Amino acid sequence: MPVFDFHTHTTISDGHAAPLEMARRCQQNGYAAYVCSDHVDEATVERRVPEIVAACLLASRELGMASIPAVEVTRVPPERVARVAARARSLGAQLVVVHGETLGDYPQPGLNLAAARCPDVDILGHPGLITDEAAEAARENHIHLEISAAGLHGLTNGHVARVAIRLGVELVLDSDAHRPEALLTAERANQVLRGSGIDLATVLKIAADAPLRVLARRGIELPT
Ligand SMILES: [Zn+2]
Ligand SMILES: [Zn+2]
């Protein structure tokens with residue numbers, strides 16, 4: 001089964017490897033596509049999105065691998081998340097992840113809800129102790145909630161999974177890798193999802209079907 005992963009970082013922001021190196025490891029690990037989703041905020045969106053777009057073009061050309069430019073809107077105040085997400089999209093980001101209210105950060109009350117209400121957002125990343133209200137808004141706006149394979153961000157995976165399954169919100173699994181070794185493999189994906197308390201049938205749905213819905217919502221087609 002191909003591996004999907006919408007959340008990875010490179011030297012364009014705070015990652016430790018160049019985009020091409022990350023893409024190469026994705027290819028080795030059986031990824032269906034390489035998604036480069038470096039951090040952007042109001043100060044960096046203008047210069048980083050064109051860099052991400054260029055890096056994805058290079059990865060496609062060099063490796064013959066589908067490469068999708070994306071962003072992670074990070075540490076932007078709730079009232080300005082929608083503006084940065086829209087700007088990233090207009091500059092060429094095809095997918096938008098928002099850095100949610102993870103336990104690992106200083107609190108940004110209202111951030112999950114603001115992201116979940118924003119039609120330009122595709123994935124609410126590591127949403128911590130997400131409330132029912134934010135999860136329901138995500139469901140209404142077809143935004144996927146993230147199960148995270150990254151240490152601190154993954155602490156609340158069990159909570160996120162329980163809320164999402166109870167309320168019928170879609171889930172995706174992402175690595176949030178900042179170095180090649182942290183990228184997913186099929187085995188690791190299965191471990192993180194099962195470890196989040198998710199039953200096998202739902203794990204298979206998250207691994208195979210949910211990522212295709214993320215792509216289809218934006219009209220992104222992968223070569224078969
Ligand atoms: Zn993040
Ligand atoms: Zn991240």
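We count ligands from 1, going down the list as the structure has it; atoms in each ligand are counted the same way. These figures come from a predicted structure and were not determined experimentally.
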Asker: Is there a donor in the side chain of Glu72 and an acceptor in the side chain of His126, or the other way round, less than 3.5 Å apart?
Answerer: yes
Asker: State the CD-OG1 distance between Glu146 and Thr102, to the nearest 0.5 angstrom.
Answerer: 9.5 Å
Asker: Is the number of heavy atoms from other residues, nucleotides or ligands within 6.0 Å of CD (Glu221) greater than 12?
Answerer: no
Asker: Could I get the full list of side-chain contact (heavy atoms from CB on, under 4.5 Å) partners for Glu136, not counting sequence neighbours?
Answerer: Arg139, Leu167
Asker: Show all protein N/O/S atoms under 2.8 Å from the Zn ion (ligand 2), or state that there are none.
Answerer: His7 NE2, His9 NE2, Glu72 OE1, Asp176 OD1
Asker: Check step by step if ring-ring contact (aromatic ring centres under 6.0 Å, His included) holds for His39 and His178.
Answerer: CA-CA 11 Å; His39 300 285; His178 286 67; 5.7 Å; yes
Asker: Of the non-hydrogen atoms in Gly128 and Val160, which two are nearest, and what is the gap between them?
Answerer: O-CG2, 3.5 Å
